[in-house]
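Each remark here refers to the structure printed beneath this line.
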Amino acid sequence: MEYLTVFLILVAILALNAISAIVLIIILSSMGWWFFQPPRGTAVFKNRGENLQEIWVNVGGYKLSSAEDSDGRRWIVKTKDEKERLKVFFRDVSNYTKPFHEFLWEKFGIRFISPYWPQVYIHRFKVDRKRLEESGGTGGPATEPSLKNRIRVSPNQGKEVDNLLFVSYRPVYKQGVELAGDNSKINLLLLPTWQLVIPVTPIYYYMGNFYPLLDGAVEAGIEDFFATHRVAVHKGKNATDPKRGEFAHDTYDPDIGDPDGNKGDGYKELYEPAPLTYAFWIKLKKAHGSPIERHMMLFNCTATYYQRIVEEYMDAREKLEDLKKRGKKTDKDYYKALKEAENGEKGLNDILSLLDEISHGIYKHLRHDDEYQEGNGPSSVEKEMTKSEKLEAKGLGGEGIVPGIGFAMKAFRLVDWEAHGDTKKLAEALQAKQTEIYTAQGVVAQHEGLKKAEVLLGEGRSKALRLMIKSQSDLGVDPNIASETVREIEKSSNVGSKESSVTTWFERSGGREHPPVAIPLSEPPGSKRSKNDSEPAPREKPDS
């Protein structure tokens, strides 16, 4: 009995110790000392001294790549295998303590940092954060428009943070963008959505001060769009054709064509390119899939950089195949080298797949493996290639936002826009002109509707009379009598109307002093009597 009591006491002590240890770990994780709890949807940076030791990516469906790019950086890439993601997540953990680490992570979401605190710690940094107000300001002069007042400083501004958001939003206000067609200006409120791709770049290369670079890339892209974009306008049959120069559709592109299916030379005969004016900008599509959104996505990655990653991938693939053919399987280092080669080839393939997604697949034809050779038509791809190369030549894109800053533009939204103060009068004049056009179109439509109604009414009456005559004829009625019946119907059908040839009268008593008078209810055609004439002179009552 004594042994049982001692055993139970020992079990209770062990249980209390385990519970106390877990409580202590949770407390230490909240302080970020020996343990840490990475927030969901973030990347966390583990330092040893002043150098990066590990990056923890707590993002579902993504992992840190198993291979590095040519600059020695790992990417956040997609993965469908959750076990593979966890394997990468615990890459730096010893196999002896791995079960305990996995237990803490699965049950509490806590990661062990290191026993050597504070030498090994979670890196902290500052990020310039802003947010967007859904409602506008109170307005003001051209230098302080209401759109600008919708961008607010985040409450976390100036505070150190220990993680970087995987997906973040950054509102940008761009004032006085000039349209190439008529030199009018507009102000834009933009909201790009940024996806973290290369975590080490913004934190260790730019020390957390990366948002100004992203803002600059957006502004450069906007300036380039308004300077280079061309809409399709009607050529017209000749120089005097009123339709000549009118807006046709968003983008002049003979390869893609118009909504009616006209392409190539047939398209060029109908349309010609025209730079953006204020009037064209009003009509331009601005929602998802708009020309401005597609243009901005080109800044993510250029064709030159994509080609460089393809060459690295092909080298890794060739190295793996050569190792499989020539490797000495008896060599103890063979399997280690083979595993590294497989990770390198797969890691670069993951990076290319992510680039395909970011660039919307416009560079897929540059890949040399059989998987990407099927179904890639050259026309649209070559066109986008040309545009990308032009951006590189201007120095606007460099190699792209992804390799340059470490982020990808996941989405782009034009929140709102307004006319700039310098061209406010032009905007008001164009809006007034457009209103007049809509009013005139409404009047024309009204008259067309009345005309159609009259035609339909006449056709209906004519059909009714024809049916009447036919029915009387079928019944054996004399044709003269039938026609006389129709004449009498027509004669009395418009009595009292403006078209009536019959004058109707009513009798008004003149009282004791005056004789009775007859007042016309309707005037025959050509009558000069006005509605404002005084009461007509008494006249004799016509014979009944």
Exercise. Would you give the length of the straight line joining atom CE of M296 to atom OG of S290, rounded to the nearest 0.5 angstrom?
Key: 10.5 Å
Quiz item: Among side-chain atoms of D224 and H295, is any donor-acceptor pair under 3.5 angstrom?
Solution: yes
Quiz item: Counting only N and O atoms by type, is there a donor-acceptor contact under 3.5 Å from the side chain of R74 to the main-chain atoms of S66?
Solution: yes
Self-check item: SB check E399 R308 (cutoff 4.0 Å)
Solution: yes
Quiz item: If you measure only the distance, is there a donor-acceptor pair under 3.5 Å linking the side chains of D182 and S184?
Solution: yes
Quiz item: Of the non-hydrogen atoms in N262 and L270, which two are nearest, and what is the gap between them?
Solution: ND2-CD1, 3.5 Å
Quiz item: Is it true that atom CZ of F247 has more than 12 heavy atoms of other residues, nucleotides or ligands lying nearer than 6.0 Å?
Solution: yes
Quiz item: Looking at K325, R317, K319, which hits salt bridge (Lys or Arg N to Asp or Glu O under 4.0 Å) with E321?
Solution: R317
Quiz item: Ion pair present between D350 and K346, side-chain N to carboxylate O less than 4.0 angstrom?
Solution: yes
Quiz item: Given W194 and Y169, is the side chain to side chain contact (heavy atoms under 4.5 Å, CB included) satisfied, shown in steps?
Solution: CA-CA 6 Å; W194 298 106; Y169 307 87; over 6 Å; no
Exercise. Grab the two heavy atoms, one from N343 and one from A67, that are nearest each other, plus how far apart they are.
Key: O-CB, 3.8 Å
Quiz prompt | Criterion side chain to side chain contact (heavy atoms under 4.5 Å, CB included) on Q175 and Y173, from CA distance to verdict | solution = CA-CA 6 Å; Q175 183 176 0; Y173 172 73; 3.5 Å; yes
Practice problem: Run through D215, L190, I151 and flag the one making a side chain to side chain contact (heavy atoms under 4.5 Å, CB included) with P171. | Solution: I151
Quiz prompt | Sub-4.5 Å side-chain heavy-atom contact between K324 and L338 | solution = yes
Quiz item: For the residue pair L348 and A316, what are the closest heavy atoms and their distance?
Solution: CD1-CB, 3.8 Å
Exercise. Please name the pair of heavy atoms, one in G221 and one in F299, separated by the smallest distance, quoted to 0.1 Å.
Key: CA-CZ, 3.5 Å
Quiz item: Could you state the interatomic distance from CG (L298) to CE (M409), rounded to the nearest 0.5 Å?
Solution: 10.5 Å
Quiz item: In terms of heavy-atom contacts, does CZ of R91 have more than 12 from other residues, nucleotides or ligands at under 6.0 Å?
Solution: yes
Practice problem: Could you label the plane-to-plane angle of the Y278 and W417 rings as parallel, tilted or perpendicular, counting under 30° as parallel and over 60° as perpendicular? | Solution: perpendicular
Exercise. State, without any angle test, whether S70 and E312 hold a side-chain donor-acceptor pair at a distance under 3.5 Å.
Key: yes
Practice problem: Go through the steps for L355 and I309 under the test side chain to side chain contact (heavy atoms under 4.5 Å, CB included), then give the verdict. | Solution: CA-CA 9 Å; L355 281 178; I309 299 296; 4.1 Å; yes
Quiz item: Can you tell me how far the NE2 atom of H420 sits from the CG atom of L188, to the nearest 0.5 Å?
Solution: 11.0 Å
Quiz prompt | A274 versus F280, closest heavy-atom pair with distance | solution = CB-CE1, 3.9 Å
Quiz item: Are side-chain heavy atoms of P199 and I76 found at a separation under 4.5 Å?
Solution: yes
Quiz item: Looking at D69 and R73, does any basic side-chain N land under 4.0 Å from a carboxylate oxygen?
Solution: yes
Quiz prompt | Residues Y271 and D258: side-chain donor-acceptor under 3.5 angstrom | solution = yes
Quiz item: Should F412 and L191 count as side-chain neighbours, where that means a heavy-atom distance under 4.5 Å?
Solution: no
Quiz item: Is the shortest distance from a Lys or Arg side-chain nitrogen in R131 or E133 to a carboxylate oxygen in the other one below 4.0 Å?
Solution: yes
Quiz item: Do other residues, nucleotides or ligands put more than 12 heavy atoms under 6.0 Å from D265 CG?
Solution: no
Quiz item: Any chance the side chains of N183 and E178 put a donor and an acceptor closer than 3.5 Å?
Solution: yes
Quiz item: Are any of the side-chain heavy atoms of L164 and L196 separated by less than 4.5 Å?
Solution: yes
Quiz item: How long is the span from the CE atom in M314 to the CG atom in L352, to the nearest 0.5 Å?
Solution: 10.0 Å
Practice problem: Taking the side chain as every heavy atom from C-beta outward, state whether W281 and I186 have any atom pair closer than 4.5 Å. | Solution: yes
Exercise. Check whether any side-chain heavy atom of F407 lies under 4.5 Å from a side-chain heavy atom of N300, and answer yes or no.
Key: no
Quiz item: Is there a donor-acceptor contact under 3.5 Å linking the side chains of D253 and Y267?
Solution: no
Quiz item: Can K63 be said to sit on top of W75's aromatic six-ring, NZ or CZ under 6.0 Å from centre and within 45° of the ring axis?
Solution: no
Quiz item: Charged N to carboxylate O below 4.0 Å: is that the case for E269 and K235?
Solution: no
Quiz item: If only atom types and distance count, is the side chain of N58 paired as donor or acceptor with the main-chain N or O of G41 below 3.5 Å?
Solution: no
Quiz prompt | K185 vs V177, side chain to side chain contact (heavy atoms under 4.5 Å, CB included): CA-CA, chis, key distance, verdict | solution = CA-CA 5 Å; K185 295 180 181 179; V177 182; over 6 Å; no
Quiz item: Just by distance, do the side chain of H229 and the backbone of D250 share a donor-acceptor pair under 3.5 Å?
Solution: yes
Self-check item: Salt-bridge contact E82-R85 (side-chain N to carboxylate O under 4.0 Å)
Solution: yes
Self-check item: Least distance between heavy atoms, R129 atom then N163 atom
Solution: NH2-O, 3.9 Å
Self-check item: Side-chain donor or acceptor of D322 paired with backbone N/O of E318 under 3.5 Å
Solution: no
Self-check item: NZ/NE/NH1/NH2 to OD/OE distance under 4.0 Å, K286 and E293
Solution: no
Exercise. Could you verify whether a donor N or O on one side chain and an acceptor N or O on the other, from Y211 and S168, lie under 3.5 Å apart?
Key: yes
Practice problem: State the CD-CG distance between E342 and L320, to the nearest 0.5 angstrom. | Solution: 5.5 Å
Exercise. Please examine the side chains of I222 and F225, heavy atoms only from C-beta on, and report whether any two atoms are closer than 4.5 Å.
Key: no
Self-check item: Side-chain touch F210/V127, heavy atoms, less than 4.5 angstrom
Solution: yes
Quiz item: So how far is it from L414 CG to K285 NZ, rounded to the nearest 0.5 Å?
Solution: 13.0 Å
